Number of protein chains: 2
Amino acid sequence: MDDLETRELRYFVAVAEDLHFGRAADRLGIAQPPLSRAISRLERRLGVQLLDRDRRGVELTDAGRVMLREARAALDAVAAAARRTRRAGNPQPSLVLATKAGASHELLQRLLDAHANEAGAAPIDVLLCEVGEQAGLLRNGRADVAIMHRPFDDLAGFDTEDLYVEGQIALLPAGHPLAARDQLTMADVRDVPDLPIARWPRLDGSYPDGPGPEVHTQSQLAQLVALGKTLLVIPASSRAWQWPDHVAVPVVDAPDVTTVIAWSPSSHSPAIASLVRTAAGLRSTALPAPAG
Amino acid sequence: MDDLETRELRYFVAVAEDLHFGRAADRLGIAQPPLSRAISRLERRLGVQLLDRDRRGVELTDAGRVMLREARAALDAVAAAARRTRRAGNPQPSLVLATKAGASHELLQRLLDAHANEAGAAPIDVLLCEVGEQAGLLRNGRADVAIMHRPFDDLAGFDTEDLYVEGQIALLPAGHPLAARDQLTMADVRDVPDLPIARWPRLDGSYPDGPGPEVHTQSQLAQLVALGKTLLVIPASSRAWQWPDHVAVPVVDAPDVTTVIAWSPSSHSPAIASLVRTAAGLRSTALPAPAG
DNA sequence: ACGCCGTGATACTCGCCAGGTATCAGTCGC
DNA sequence: GCGACTGATACCTGGCGAGTATCACGGCGT
């Protein structure tokens, strides 16, 4: 059983994403014939057909879909190996912590302070990212550790330590009828005709149906909120979303949000262990009382 | 940033394991000079020294230790991609379920029965393995799903669903003084001079200190228990360990054991989802009442 | 001290295979 | 039917991976 080479996996992923040999070859910076040959050799070696070269187009077979998912994971792991090794070779290796810009700000501040006070603590580079990016960064080695939120973020495949549990609030323009209430339910908040909830892309990039605007960055969303065009239900601690002319109202039956620190089990190092221990230590100290 | 090839990772892992270029080259089936060159090229490309070629021996640097761990994970992921794709290409793809021989027998039986009754269920191959092997099998694609036990097994990096919680029992020869008690504590059980608890290897292969015999397979352990040479504290449901002349006594303060079904998030397929759903469904039906 | 063994590195040669160009073979549109 | 477009095939070339021979260096016998 001769292993696959990462080149073959890269080639297959390119073709599977484009479903077009010519364009995939372009992206890869090679000519089309070598790509065709590489894919058919891959299929021959696996003894499995990965693509249906149905006239007028290429399609993935079931096995091809399996291969696409597995190949992406494998390529991430290889890339992570290279990146983490490079960083480990630095004279003073640092930890990269990924976090959603604006979320869990206070907790992060306290974590960084506490960590800096530890003797011999590795320096920490904070990598601010968009919603849902952290998992990918951890997987491909661009980050060592991430602050994430259950149940929003995809925690599959990571080790995690719970840091904080809180309820959620609805963020409303000050003048809105619902803003006068001192608490809301999800039923109140759904189907508010003048303030539809924004729709985020799913993992596959498609958008759920609904009346709200489609957004895919936090700044887009911030803009819409500031304009009073959308309604937001977010963890109580996400103060970055606070505007002077908006009001936060607790949503009593919204699911609790748990802030966690997550890392890839294959990169578990003493430096990460120390940071996680510091983070877990913050749990016992005072934080603003969780809502909900 | 040109990626690493799996060949380079395999070579590095071989050298890092042997700490000897000649023997590693032998194992790899190549000559020593190409191996030396491959490693130094790898180091040059990463810009990081991985090995200290101190005369009279090769040693891993810190970065080398990082690389070793990451490279193993990456190679597992690549191997998993190949194996799972091959299996997905079969006309009637099956799921491979890994489980410790003898553990959770009744639950497994019920799971297989229930799954077989599902319409369109994939056939299941059961892969019986030794203690601690399941994680590796899931990681490198030899298995799709595993029955594992918290807190004994290494669940890092997997998705899991809890199936069953139970207490633990001590297994004693019928004539032993402790066998007359109707419950025990860990303090009772530790340091019983004539029945030291067997020692299992740690993840790195070394053994903890202690008076008990070293074991690394279940049959070794079974032999020792049958001879009355060692004492066992195991989940109550591990009936495979029951001998006619042995007695099970509950250990009231032993940590609860949770039986879980685990799978690799990168191989999450409809077939696995269906099996997991079936397994979770068993939770609500009658099982022997958990002890503790 | 000397030579010997064992180690990893270097020098060179060779052959395979990745990759390029040119071309073929279907399929669709008009 | 013709042209446009797609992926497959034929054939060639160059680079790199792998082999053999050898070097450089340290440890350790006697």
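Throughout, a chain's letter reflects where its sequence line sits, starting with A, and its residues are numbered from 1. Because the structure is predicted, anything quoted here is derived from the model rather than measured.
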Enquirer: Could you tell me how far apart B:Ile39 (CD1) and C:dT7 (P) are, to the nearest whole angstrom?
Expert: 17 Å
Enquirer: In whole angstrom, what separates B:Asp52's CG from C:dT7's P?
Expert: 18 Å
Enquirer: List the steps, then state whether salt bridge (Lys or Arg N to Asp or Glu O under 4.0 Å) holds for A:Arg87 with A:Asp125.
Expert: CA-CA 12 Å; A:Arg87 284 223 314 281; A:Asp125 299 328; over 6 Å; no
Enquirer: Under the rule for salt bridge (Lys or Arg N to Asp or Glu O under 4.0 Å), what residues qualify as partners of A:Glu214, not counting sequence neighbours?
Expert: A:Arg199
Enquirer: If you measure from the Lys or Arg side-chain nitrogens to the Asp or Glu carboxylate oxygens, is any gap between B:Glu118 and B:Arg277 under 4.0 Å?
Expert: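 Salt bridge: no.
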Enquirer: Could you list the residues that satisfy side chain to side chain contact (heavy atoms under 4.5 Å, CB included) with B:Leu128, not counting sequence neighbours?
Expert: B:Thr99, B:Ala101, B:Val126
Enquirer: If you look only at pairs with a residue in residues 60-71 of chain A, which of them pass as a side-chain hydrogen bond (donor to acceptor under 3.5 Å, both in side chains), with sequence neighbours excluded?
Expert: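 Every pair satisfying side-chain hydrogen bond (donor to acceptor under 3.5 Å, both in side chains) with a residue in residues 60-71 of chain A: A:Asp62-A:Arg65, A:Glu70-B:Arg84.
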Enquirer: So A:Arg53 and A:Ser40, do their side chains get closer than 4.5 Å, heavy atoms only?
Expert: yes
Enquirer: For the helix from C:dA1-D:dT30 to C:dC30-D:dG1, what angle lies between the axis at the first five pairs and the axis at the last five pairs, to 10 degrees?
Expert: 20°
Enquirer: For A:Arg45 and C:dC17, what is the distance between atoms CZ and C1' respectively, to the nearest whole Å?
Expert: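 It works out to 12 Å between those atoms.
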Enquirer: Partners of B:Glu5 by side chain to side chain contact (heavy atoms under 4.5 Å, CB included), sequence neighbours excluded?
Expert: A:Glu5, A:Thr6, A:Arg7, A:Arg10, B:Glu8
Enquirer: What's the CG-P distance between B:Leu35 and C:dA9, to the nearest Å?
Expert: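 It is 9 Å, rounded to the nearest whole Å.
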Enquirer: To the nearest 0.5 Å, what is the distance between CG on A:Leu4 and CZ on A:Arg45?
Expert: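 Reported to 0.5 Å precision, the distance equals 6.0 Å.
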Enquirer: Summarise how protein sits on nucleotides 6-19 of chain D as a single string, 5' to 3': B when a protein heavy atom is under 4.0 Å from the base, S for sugar-phosphate-only contact, - for no contact.
Expert: SBBB-------SBB
Enquirer: Let me know the distance between CD of B:Glu43 and C1' of C:dG8, rounded to the nearest Å.
Expert: 12 Å
Enquirer: From CG of A:Leu42 over to P of C:dC17, roughly how many Å is that when rounded to an integer?
Expert: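 These atoms are roughly 16 Å apart.
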